[in-house]
Amino acid sequence: MRHCRVYAGFLLAAAALLAACGNNTGLGNANIPNTVDTVSLYALDGTPITSPSAYVIKGRSVVRTDQVSAIDFAFNITAAGQAVLLPTGAVGLGKASGVLVQNVPFASITTPPTTPFVDSLPVPVDSGTVAVVRSRPVSDFCGVVFYYGKLEVLAIDTTARRIDLQILVDQNCGFRGLEPGLPRR
């Protein structure tokens, strides 16, 4: 009888842990509101190393590539003058993160697509381009998960070698909502 109570207690604890840690069938409450940020990234080539040229989805951070070892995507301008977003595979960091251009308005994207993301090639962008981004696998209190965001290219300044983006990232473990505010289950 005692073993049954211990086993039942274990099952209840496991169910509670799954509900709190990103199981999409039993998510706990989201506690981090989704917000739209405006960020600028500078090209990997032709700009000072002190200029941020990459983005980390978990944490919503623009970063200098000389100060971090893990990024989710970077920005560059090719020799032909094309602006590109570079998932980790395109910068030699393994096929971990991804970028997927969308042919819909930024505001209409409410969840990330389930189609494959570009993970190893530069993704050409221009002003007005809308894309969904997927983080590299992140190990945190929920286990190993992906985080998602959506972005829109607001402007590209080829002289300054800069891209301006609006970006919304869902920081809630296990949630896939890409609308402002607290995501729904």
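In what follows, residues are counted from 1 in the order of the sequence shown.
In terms of hydrophobic clustering, with Ile, Leu, Val, Met, Phe, Trp and Tyr side chains grouped at heavy-atom distances under 4.5 Å, Ile167 and Val63 are assigned to different clusters. Under a hydrophobic clustering in which Ile, Leu, Val, Met, Phe, Trp and Tyr are joined whenever their side-chain heavy atoms come within less than 4.5 Å, directly or via other members, Ile57 and Val39 fall into the same cluster. Under the 4.5 Å side-chain heavy-atom criterion for Ile, Leu, Val, Met, Phe, Trp and Tyr, Val101 and Ile156 are members of the same hydrophobic cluster. Taking hydrophobic clusters as Ile, Leu, Val, Met, Phe, Trp and Tyr residues chained together by side-chain heavy-atom distances below 4.5 Å, Ile77 shares a cluster with Val153. Cluster membership check: Val36 does not share its hydrophobic cluster with Val62, using side-chain heavy-atom separations under 4.5 Å among Ile, Leu, Val, Met, Phe, Trp and Tyr.
With hydrogens and angles disregarded, a donor-acceptor distance shorter than 3.5 Å links the side chain of Arg134 to the backbone of Ala96.
Of all non-hydrogen atoms in Ala131 and Val99, the two that sit nearest each other are CB-CG1, 4.1 Å. Nearest heavy-atom pair, Leu165 versus Leu151, reported as atom, atom and distance to 0.1 Å: CD2-CD1, 4.1 Å. Scanning both residues, Leu85 and Pro87, for their nearest heavy atoms gives O-CD, 3.6 Å. Gln166 approaches Phe106 most closely through the heavy-atom pair NE2-CD2, 3.6 Å. Closest heavy-atom contact between Gly94 and Thr88: O-OG1, 2.7 Å. The two residues Ile32 and Asn172 have their closest heavy-atom pair at O-ND2, 2.6 Å.
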Inset, instruction - Begin with the C-alpha distance, continue with both residues' side-chain angles, and end with the deciding distance and a verdict on side-chain contact (heavy atoms from CB on, under 4.5 Å) for Ile71 and Phe73. - result: CA-CA 6 Å; Ile71 65 167; Phe73 66 89; over 6 Å; no
Legend entry - side-chain contact (heavy atoms from CB on, under 4.5 Å) assessment of Val138 paired with Tyr147: CA-CA 8 Å; Val138 176; Tyr147 287 87; 4.1 Å; yes
Legend entry - Full working for side-chain contact (heavy atoms from CB on, under 4.5 Å) between Thr50 and Arg64: CA-CA 6 Å; Thr50 56; Arg64 294 173 32 186; 4.1 Å; yes
Legend entry - Test salt bridge (charged side-chain N to carboxylate O under 4.0 Å, His left out) applied to Asp170 and Arg176, step by step: CA-CA 7 Å; Asp170 191 335; Arg176 296 169 51 91; over 6 Å; no
Inset, instruction - Under the side-chain contact (heavy atoms from CB on, under 4.5 Å) rule, what do Ile163 and Phe75 come out as? Steps first, then yes or no, please. - result: CA-CA 8 Å; Ile163 189 170; Phe75 168 67; 3.5 Å; yes
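When side chains are defined from C-beta on, Lys58 counts as touching Asp140, because their heavy atoms get closer than 4.5 Å. Residues Ser135 and Tyr148 have side chains not in contact (no heavy-atom distance under 4.5 Å, counting atoms from C-beta outward). Annotation: side chain of Asp45 is not in contact with side chain of Thr47 (no heavy-atom distance under 4.5 Å).
Interatomic distance, Asn34 CG to Leu168 CG, rounded to the nearest 0.5 Å: 5.0 Å. In this structure, Thr129 OG1 and Asn103 CG are separated by 9.5 Å, a value rounded to the nearest 0.5 Å. Atom CD of Glu179 is separated from atom NZ of Lys150 by 7.0 Å, given to the nearest 0.5 angstrom. Summarising the geometry, atom CG belonging to Asp157 is positioned 9.5 Å from atom OG belonging to Ser40; distances are rounded to the nearest 0.5 Å.
Partners of Tyr55 according to the side-chain hydrogen bond (donor to acceptor under 3.5 Å, both in side chains) rule, which considers only residues two or more places apart in sequence or in another chain, do not exist here. Contacts of Gln171 classified as side-chain hydrogen bond (donor to acceptor under 3.5 Å, both in side chains), with partners at least two apart in sequence or in another chain: none.
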Side-chain donor/acceptor pairs under 3.5 Å, residues 107-126, sequence neighbours excluded:
unit_1, atom_1, unit_2, atom_2, d
Ser108, OG, Pro105, O, 2.8

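Between Arg161 and the options Leu44, Asn76, Leu41, a side-chain contact (heavy atoms from CB on, under 4.5 Å) holds for only Asn76.
Heavy atoms from other residues, nucleotides or ligands lying under 6.0 Å from OH of Tyr42 number 12 at most.
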